[in-house]
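Order of the sequence lines fixes the chain letters, A, B, ..., with proteins taken first and strands second; residue numbering starts at 1 for each chain.
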Protein chains: 2
Amino acid sequence: MRRHVLIFGLVGGLLIATLQYTEYRFVIIEHSVELYSALVAILFATFGIWLGLRITRSRETIRETVVVREVLVPAEAPALEPFAPNTAHQQTLGITARELEILTLIARGFSNREIATQLFVSENTVKTHCARAFDKLGAARRTQAVQRGKELGLLP
Amino acid sequence: MRRHVLIFGLVGGLLIATLQYTEYRFVIIEHSVELYSALVAILFATFGIWLGLRITRSRETIRETVVVREVLVPAEAPALEPFAPNTAHQQTLGITARELEILTLIARGFSNREIATQLFVSENTVKTHCARAFDKLGAARRTQAVQRGKELGLLP
DNA sequence: GATGTCGTCATCCTTTCGGATGATTTTACA
DNA sequence: TGTAAAATCATCCGAAAGGATGACGACATC
């Protein structure tokens, strides 16, 4: 967190500096101000959003783990509408929350790339989670993983 | 979410516009470029962070409400009797019996090759059936086809 | 006999998946 | 503060899946 802010400031300073530099070099063409403004705006906006998401992610995970413990009490209950994953099976198999999240997205028919964009991570990361989840489920394909997941009550 | 992005773009455009306007009015003092860059950067950064927080907060609340309901609503036995596919949907979509057969095998996690050996046909044939079924279901992937199939009551 | 549907099979080509492996960074917790 | 578990990302490579297209035979129907 502290690091983020630091990097943020650093990047900002660098950007300003390079702007200042390049401005007096070769891009004194017309409309440079608006162009630069737009560029900087876009850059910092995306960065800001990314930062915001990143910061709040930690809180989310905390909430999720809490949730898991609460759900553990009613235990073996195949609920139907708001789905409650079978945490017993999940824990015995050692399937993490993130892996389960990706499994549900797989079950809903998304490709790895789509999942990656939805979760704001790289496709490689998704593939890693997939591989681990498949291994834990003893599945060789995503369709098989989905099937196993449904059998075990991990997926709706 | 879509709304957010829209507002975001709108605000961005407005900002740029006002920048462009004011620039030619009275603030052509020196160092305007860097000043503006910095200003825009800060503005958009904070806005981005705010947006990020906002987006994730809604997700969090959703999670929480789900939890509460899960704890309150207990069980409901899962019905498991011989499955009868929804022939109405099947016919309107023009899905043949063979295609449905292959879809069920896909849903059970088999690969094309495995399906081919099970049905005593070539893998190419299976792939053709797959392609046709996916087309009729509007699916791009087998997982998506399975999901659609379950939604339509074609698959158990 | 012409037409149409269905099932079968093929080839070519691109995209997606999955396995193996290693590395770095967060996060949680003792 | 150190450690273990999670999460993240990457690269290489082979396998699986998917798209497009053409073809052929069996059967039913008009």
Side-chain angles (χ1 to χ4, degrees), chain A residues 1-7 50-51 53-69 90-103 105-107 109-148, chain B residues 90-103 105-107 109-148:
Chain A
M1 174 60 197
R2 252 142 299 273
R3 277 257 310 291
H4 290 152
V5 177
L6 214 146
I7 293 171
W50 172 79
L51 224 183
L53 286 172
R54 190 137 247 262
I55 289 170
T56 50
R57 200 168 42 200
S58 54
R59 261 191 298 178
E60 259 185 279
T61 26
I62 289 170
R63 272 174 210 273
E64 270 190 301
T65 49
V66 168
V67 166
V68 167
R69 284 187 195 131
Q90 183 186 346
Q91 294 209 343
T92 54
L93 290 176
I95 295 176
T96 70
R98 196 59 156 173
E99 285 160 4
L100 188 57
E101 192 177 4
I102 271 143
L103 276 176
L105 290 177
I106 287 176
F110 293 108
S111 72
N112 286 341
R113 186 162 304 171
E114 288 169 342
I115 294 172
T117 27
Q118 277 189 46
L119 299 184
F120 301 101
V121 297
S122 86
E123 197 179 336
N124 283 312
T125 304
V126 175
K127 287 174 74 175
T128 308
H129 286 308
C130 282
R132 296 209 182 121
F134 294 171
D135 185 48
K136 289 168 184 174
L137 284 170
R141 280 166 291 286
R142 41 181 49 215
T143 47
Q144 205 175 1
V146 168
Q147 165 69 359
R148 293 277 300 133
Chain B
Q90 183 185 347
Q91 294 210 341
T92 56
L93 290 176
I95 295 176
T96 69
R98 196 59 157 171
E99 284 160 5
L100 188 58
E101 191 176 5
I102 272 144
L103 276 177
L105 290 177
I106 288 177
F110 293 109
S111 73
N112 286 341
R113 186 161 305 169
E114 289 167 343
I115 294 172
T117 35
Q118 276 188 48
L119 299 183
F120 301 102
V121 296
S122 88
E123 195 180 337
N124 283 313
T125 303
V126 175
K127 288 173 73 174
T128 308
H129 286 309
C130 280
R132 293 201 184 131
F134 295 171
D135 187 48
K136 289 168 184 173
L137 284 171
R141 279 167 289 287
R142 43 181 48 217
T143 47
Q144 205 174 2
V146 169
Q147 163 70 0
R148 293 277 301 131

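The nearest whole Å value for the distance from the CD atom in Gln144(B) to the C1' atom in dG19(D) is 15 Å. Here the P atom of nucleotide dC12(C) and the CD atom of Glu123(B) are 16 Å apart, to the nearest Å. One can place CD1 of Ile95(A) at 12 Å from P of dA7(D), the figure rounded to the nearest angstrom. The distance between atom CD of Glu99(A) and atom P of dA7(D), rounded to the nearest whole Å, is 6 Å. Remark: P of dC17(C) and CD of Glu114(A) are 8 Å apart, rounded to the nearest angstrom. For the pair Asn124(B) CG and dA20(D) C1', the interatomic distance rounds to 13 Å; values are reported in whole Å. The separation between Ile106(B) atom CD1 and dA17(D) atom C1' is 10 Å, rounded to whole Å. Per the geometry, CD belonging to Gln90(B) stands 11 Å off P belonging to dC6(C), to the nearest Å.
Phe110(B) places none of its side-chain heavy atoms less than 4.5 Å from the side chain of Thr117(B). For the pair Gln147(A)/Val146(B), no side-chain contact is recorded, criterion being any heavy-atom separation below 4.5 Å from C-beta on. A 4.5 Å side-chain heavy-atom check between Ile106(A) and Thr143(A) finds every atom pair outside the cut-off.
Proximity of Arg98(B) to the phosphate of dT8(C): a side-chain N or O atom is located under 4.0 Å from OP1 or OP2. Residue Asn112(A) places no side-chain N or O under 4.0 Å from the OP1 or OP2 atom of dT16(C). Between Arg141(A) and dA16(D), a side-chain N or O to OP1/OP2 separation shorter than 4.0 Å is absent.
For Arg142(B), the listed nucleotide lying nearest its side chain is dG18(D); candidates were dC6(C), dG18(D), dA10(D). Between dC9(D), dG18(D), dA7(D), one nucleotide has an atom nearer to the side chain of Thr125(A) than all others, and that is dC9(D). Taking only side-chain atoms of Thr96(A), from C-beta outward, the nucleotide of dA6(D), dG18(C), dG18(D) with the closest atom is dA6(D).
For DNA chain C, the neighbouring residues in residues 126-138 of chain A, judged by any heavy atom under 4.0 Å, are Lys127(A), Phe134(A).
In terms of modelled atom types and a separation under 3.5 Å, the side chain of Glu101(B) and the main chain of Ala97(B) share no donor-acceptor contact.
Counting only N and O atoms by type, the side chains of Ser122(B) and Thr125(B) include a donor and acceptor under 3.5 Å apart.
Screening residues 109-134 of chain A for salt bridge (charged side-chain N to carboxylate O under 4.0 Å, His left out) gives Arg113(A)-Glu123(A), Glu114(A)-Arg141(B) as the qualifying pairs, with residues at least two apart or on separate chains.
Remark: Ile95(A) pairs with Gln90(A), Leu93(A), Glu99(A), Leu100(A), Lys136(A), Leu137(A), Leu154(A) by the side-chain contact (heavy atoms from CB on, under 4.5 Å) rule, at least two apart or across chains.
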